[in-house]
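Since the structure comes first, as C-alpha cells, the remarks are kept for the end.
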Amino acid sequence: MEPIDLRSDTVTRPTPAMRSAMLDAAVGDDVYGEDPTVNALQRRVADDLGFEAALFVPTGTQSNLLALMAHCERGDEYVVGADAHTYKFEGGGAAVLGSIQPQPIPQDVDGSLPLDKVAAAIKPIDPHFARTRVLALENTWHGRVMSLDYIRAAHAFTRERGLGLHLDGARLYNAAIASGVAAREIAKHFDSVSVCLSKGLGAPVGSVLVGNAALIEKARRWRKVTGGGWRQAGLLAAAANYALDHHVARLADDHARAATLAAGLGEIPGVKLLGHYTNMVFVDVPADRLRELDVHLREAGVRISVGYLPTLRLVTHLDIDDEGIARTVDAFRRFFVRS
Ligand SMILES: *Cc1c(COP(=O)(O)O)cnc(C)c1O
C-alpha cells in the first residue's frame, strides 16, 4: 500500500491528467521569453493576483530571494519574522547571496509582526546602519491565516515609512480558500507576492513571483545571475496551469481533512492536540517518544516529519484521502493506547 505521507504538502505527485497536460505543452526557450506556456502562466497569475507582471521560478526559496534582491541593494535590510520561512528556512540566502541584512522580529501567535516593534527596528539614515528597505510577511504561516486588518495596517505602515511590503504567500491560496477572501484581495496590499504551485496545488515544481514590471525585470535578471534561467520550462508551467485550473477550490477538502484528523487525534487519550489551521495539524509529542512514534507509524504506512519543528506537524494534501485520515488516526490510537 502507498504510504500516507503527512510530512508536507510538497510530497504530492502529478496526477495522470496533469502529466498529460505536461506532455502536450507547447514550449520554447524561456530565457528568450519564447515559451508560450510559461508566458501564459505568468500572465494569468499576474492577472489573477492583480499585478503588472509575474516570473515563473523553480522554487519558493528562489522566488523570495529574487523578490528581496529586487527590493534591496547590497547593504540594505529586510524586516522579517524570526520564525518566518524567508529568514529561517532558506539558508540565509538573502544575506549570503544578496548582501541583504535580515532584521528578525519575534512574531505573534498568528504570525504577524507587531508594527511597533517593526517601527523600533527601522534604522535611521546614517552610515552606521544598514538601510531598512522592506517588510516581509508570510501567509499562511504554520497554516495560520493572517488577518486582513493586520495586512491593511502593515500596508499603511509601510507606505508611511517608505518601505516595500513583500508576501511569502507560499500557501496564499490556502489562506484565500479558508477565509473566503479572493487571493487578489489579500495580494493587493503587497508590492510583491511569491506563491508556490508545488505545495497543496500539486504541481511537481515551481513558484511564481508577482510585482510591478520594474520589480519583475530586476527579479528576472537576478534569476539568471543565480542560475535560474531555464529553457523549455513550459513542460513545468503546463503542470502549474493545470494545478491552477483544477486544484485551487479543492484545497477546502484538505482543510476539512485536517479538521477531521485533528478531531480524531483529539479523542485519543495521551495525544496533546495543539490546534489545526488550514491544512496543518499540530500535536505535542514528548521529545523522547518521537522516534518511537515515527517507527510505529512507518510500520503502519504513515510518514511524519520529525526534527524540524518542536512540535509534530501533520499536513494534508492532494494525495491524502478520507481513508488515509482514518488509517492515520487508527495508527496513532494503537501507539498511544498500547503504551
Ligand atoms: C515551502 C515554502 C517556501 C519555499 O518553497 P520551496 O519551493 O520549498 O523553496 C517558502 N515559504 C514558505 C512559507 C514555504 O512553506
Side-chain angles (χ1 to χ4, degrees), residues 5-14 41 45 54-69 78 80-94 96-98 102 104 107 110-113 134-146 151 165-178 183 186-187 190 192-210 219 222-223 226-228 230 233 236-237 239-240 243-244 247 251 254-255 258 277-282 305 308-309 311 313-318:
D5 197 337
L6 296 159
R7 287 175 298 170
S8 175
D9 47 9
T10 56
V11 300
T12 56
R13 274 156 302 177
L41 171 69
V45 178
L55 186 68
F56 184 43
V57 298
T59 65
T61 299
Q62 191 181 70
S63 188
N64 284 325
L65 172 67
L66 300 183
L68 293 172
M69 290 177 80
Y78 75 115
V80 62
D83 216 5
H85 200 282
T86 316
Y87 172 61
K88 202 169 177 182
F89 294 92
E90 296 178 8
V96 175
L97 302 166
Q107 287 146 280
D110 64 351
S112 62
L113 283 64
V134 61
L135 171 62
L137 302 179
E138 183 173 323
N139 187 18
T140 62
W141 175 73
H142 295 289
R144 292 157 180 85
V145 178
M146 186 168 267
I151 292 172
L165 186 59
H166 172 69
L167 178 65
D168 177 357
R171 297 186 180 84
L172 173 66
Y173 286 99
N174 292 83
I177 293 292
I186 303 171
F190 294 86
S192 52
V193 178
S194 169
V195 291
C196 285
L197 301 156
S198 61
K199 303 254 162 105
L201 296 181
V205 169
S207 285
V208 175
L209 176 67
V210 296
W222 286 124
R223 184 184 66 171
T226 52
W230 45 6
L236 299 168
L244 288 168
H247 295 165
L251 291 172
D254 297 342
H255 301 169
Y277 313 94
T278 58
N279 66 331
M280 298 184 186
V281 178
F282 295 88
S305 174
Y308 284 107
L309 296 171
T311 56
R313 182 193 76 165
L314 306 170
V315 187
T316 58
H317 52 76
L318 194 57

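Atoms within each ligand, like the ligands themselves, are counted from 1 in listed order.
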- Query: With hydrogens left out, which residues have an atom under 4.0 Å from ligand 1, given that only heavy atoms count?
  - Reply: T59, G60, T61, N64, H85, E90, E138, D168, A170, R171, C196, K199
- Message: Nearest 0.5 Å, please: how far is CD in E90 from OG1 in T59?
- Response: 8.0 Å
- Task: Starting at CZ of F190, measure out to CG of L172 and round the result to the nearest 0.5 Å.
- Result: 8.5 Å
- Query: Could you give the distance from OG1 (T316) to CG (L6), rounded to the nearest 0.5 Å?
  - Reply: 8.0 Å
- Going by distance alone, is a donor N or O of one side chain under 3.5 Å from an acceptor N or O of the other, for D5 and H317? no
- Measure the spacing between CG of L66 and OG of S194 and express it to the nearest 0.5 Å. 9.0 Å
- Could you give the distance from CG (L167) to CD1 (I151), rounded to the nearest 0.5 Å? 7.0 Å
